[in-house]
Structures are given as structure tokens and as C-alpha cells.
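Taking it in order: structure first as C-alpha cells, then the write-up.
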Amino acid sequence: MIPLPRSFYRRRTLTVARELLGKVLVRKVGKQILAGRIVETEAYFGADPASHSYRGLTPRCKPMFEEAGHAYVYFVYGNHYCFNVVTEQVGRAGAVLIRALEPISGIPLMERNRKTKEKHSLTNGPGKLCAALKIDQQFNRADLTKGNLLIIDGAQKKFRIVRTTRIGIREAKERLYRFYIKNNEFVSRK
DNA sequence: TAAGTGATAGTT
DNA sequence: ACTATCACTTAG
């Protein structure tokens, strides 16, 4: 199980967001492996008004300015975590929000973590996939090239990509910074 | 469609 | 200190 190299992440955020589609997020919890194929992403970077980095460096968004290939995890709406992967060179803010996964392994444990047996609602949203894979604040700034949370290459490489607008933001709604795998049933919203 | 939930960041 | 806001989810 070879993690994607740091160089994969240290590029333009939009490029990384597109290329993360089809890759596999792997979470080890004890002897269990929870894994899912990334099917939907969003890019946030620099002076984008929808990005946490819009007004520059703050304690919360600091990881976005740091080394690529690490996690940026934050808590929203008093209930949920969102998992992002840091992109760009050090000093340039960028991160890709992972919005949806197609479950691959560890589905019974995901069902317990999510308190549902409905396969389609296990990981089809940013807060849902964090709950399913038990990703919380402790993974903020975790290195995704080693450890209990990794991203590896995926088996299936042939798929169509849809590029469209982001979800759940008020500013910069028109920017086409969301990517998803066409016709995939685990995408949060078409 | 709307309420719930609590940390964050910007303003007093 | 105070408060508006929020890269969401679930129930209704």
C-alpha cells in the first residue's frame, strides 16, 4: 500500500482536486481498514472569498499555509468535521475538501459509526465521511503519506469528470471549483 | 424547508 | 466580552 508522494499534493489546488478523484482514502483503526474511493472534491485556495484563507492566516486555517500532503480538519455547525488535504507550496494557502467517498472496505464498521445501514448515505457528504471513518480534530495536520490516514492510488482510472460549482457557500458561488465522477451514485449532489 | 449545534473570527 | 457566521445533517 504505497501512499501518494508529497509531490502529488504540492501543485495547484484545482489540479490536485481533479486528480484526487478515483484515489482511495484509507483509515486504519486498530486492525480494521476503512477505505473509500474519492468521488467528489472541492478546491479552496488563496484569496477566494469562500476559503478560510480569504483574510489571511488565522489559527484555524494555518494548516492551509503549511506543507502539502497533510490534513486540514475543522469542526463546523456545532456537529460535523470536514476533511481537507493541503496543497500548494509552503506559504501559499490551499486545500481540497473531500466531499464524498464510494465505500470500499470496512463497511460494517462504517455502518456502526454512522448509525445507519443504508450504504448510499454512509459517505456521501463531507461530514458523513468523517463520521464513517472516524476522522476528527486529532487528524488536523496529520501527514497523509504515512500513519493511520493515507491516500493511495486507485484501481479504476477510466471515468468522466464533471466540473461545477461548490456547495454550501455564500460567496463566490459561481466558481467552478467542484469536481465529481460522472454517474457515480455516491456523489453528495449532482 | 428549517432547526440544531458550538467553535471561530471579527467587532465592541 | 459579544455576536454573526458557518466548506453540514437530519427530521419534518
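Sequence lines set the chain letters: A, B, ... in the order given, protein chains first and strands last, and positions in each chain run from 1. Values below: all heavy atoms of this structure, side chains included; hydrogens, waters and symmetry mates excluded.
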Show the numbers, then the answer: is there a side chain to side chain contact (heavy atoms under 4.5 Å, CB included) between Phe159(A) and Asn184(A)? CA-CA 9 Å; Phe159(A) 46 80; Asn184(A) 186 281; over 6 Å; no
Report the distance from atom [atom1] of [X] to atom [atom2] of [N], rounded to the nearest whole Å.
X: Ile98(A); N: dC8(C); atom1: CD1; atom2: P; result: 14 Å
X: Gln137(A); N: dT8(B); atom1: CD; atom2: C1'; result: 11 Å
X: Glu40(A); N: dA7(C); atom1: CD; atom2: C1'; result: 11 Å

Just checking Ile169(A): base, sugar-phosphate only, or nothing, at a heavy-atom cut-off of under 4.0 Å? sugar-phosphate
Quick one: list whatever passes side-chain contact (heavy atoms from CB on, under 4.5 Å) with [X], sequence neighbours left out.
X: Pro5(A); value: Ser7(A), Phe8(A)
X: Lys158(A); value: none
X: Asn124(A); value: Ser121(A), Lys128(A)
X: Ala17(A); value: Thr41(A), Ala43(A), Val96(A), Phe179(A)

dA7(C) pyrimidine/purine six-ring stacking with Tyr44(A), under 5.5 Å and 30°: yes
Quick test: give all pairs of protein nitrogen or oxygen and nucleotides 9-12 of chain B nitrogen or oxygen below 3.5 Å, distance rounded to 0.1 Å.
from, atom 1, to, atom 2, distance (Å)
dA9(B), OP1, Thr58(A), OG1, 2.6
dA9(B), OP1, Arg60(A), N, 3.1

Watson-Crick or G-U pairs under 3.5 Å in DNA chain C, rendered as dot-bracket with [ ] for crossing pairs and | for another strand: ||||||.||||.
Under a 4.5 Å cut-off applied to non-hydrogen side-chain atoms, are [X] and [Y] in contact?
X: Phe186(A); Y: Pro103(A); result: yes
X: Leu150(A); Y: Leu144(A); result: no
X: Arg141(A); Y: Lys62(A); result: yes
X: Lys190(A); Y: Tyr180(A); result: yes

For DNA chain C, which residues in residues 82-96 of chain A have a heavy atom at a distance below 4.0 Å? Cys82(A), Asn84(A)
I'd like a table of atom pairs between the protein and nucleotides 2-6 of chain C - only N or O on both sides, under 3.5 Å - with the distance next to each one.
none

Provide a list of protein-nucleic acid N or O atom pairs under 3.5 angstrom, restricted to nucleotides 9-12 of chain C.
from, atom 1, to, atom 2, distance (Å)
dT9(C), OP1, Pro126(A), N, 3.4
dT9(C), OP1, Gly127(A), N, 2.5
dT9(C), OP1, Lys128(A), N, 2.6
dT9(C), O4', His80(A), NE2, 3.0
dT10(C), OP1, Arg114(A), NH1, 2.7
dT10(C), OP1, Arg114(A), NH2, 3.3

Can you tell me if Arg27(A) uses its side chain to pair, donor with acceptor, with the backbone of Ile135(A) under 3.5 Å? no
side-chain hydrogen bond (donor to acceptor under 3.5 Å, both in side chains) pairs touching residues 72-81 of chain A, sequence neighbours excluded, are His52(A)-Tyr72(A)
Please list all pairs meeting side-chain hydrogen bond (donor to acceptor under 3.5 Å, both in side chains) that have one or both residues in residues 12-26 of chain A, counting only residues at least two apart or in different chains. Arg11(A)-Glu19(A), Thr13(A)-Thr87(A), Thr13(A)-Glu88(A)
Side chain to side chain contact (heavy atoms under 4.5 Å, CB included) partner of Ile152(A), chosen from Leu4(A), Ile2(A), Val26(A): Val26(A)
Salt bridge (Lys or Arg N to Asp or Glu O under 4.0 Å) involving Arg166(A) - partner list, sequence neighbours excluded: Asp48(A)
Give me the atom names and distance for the closest heavy-atom approach of Arg175(A) to Pro49(A). NH2-CD, 3.6 Å
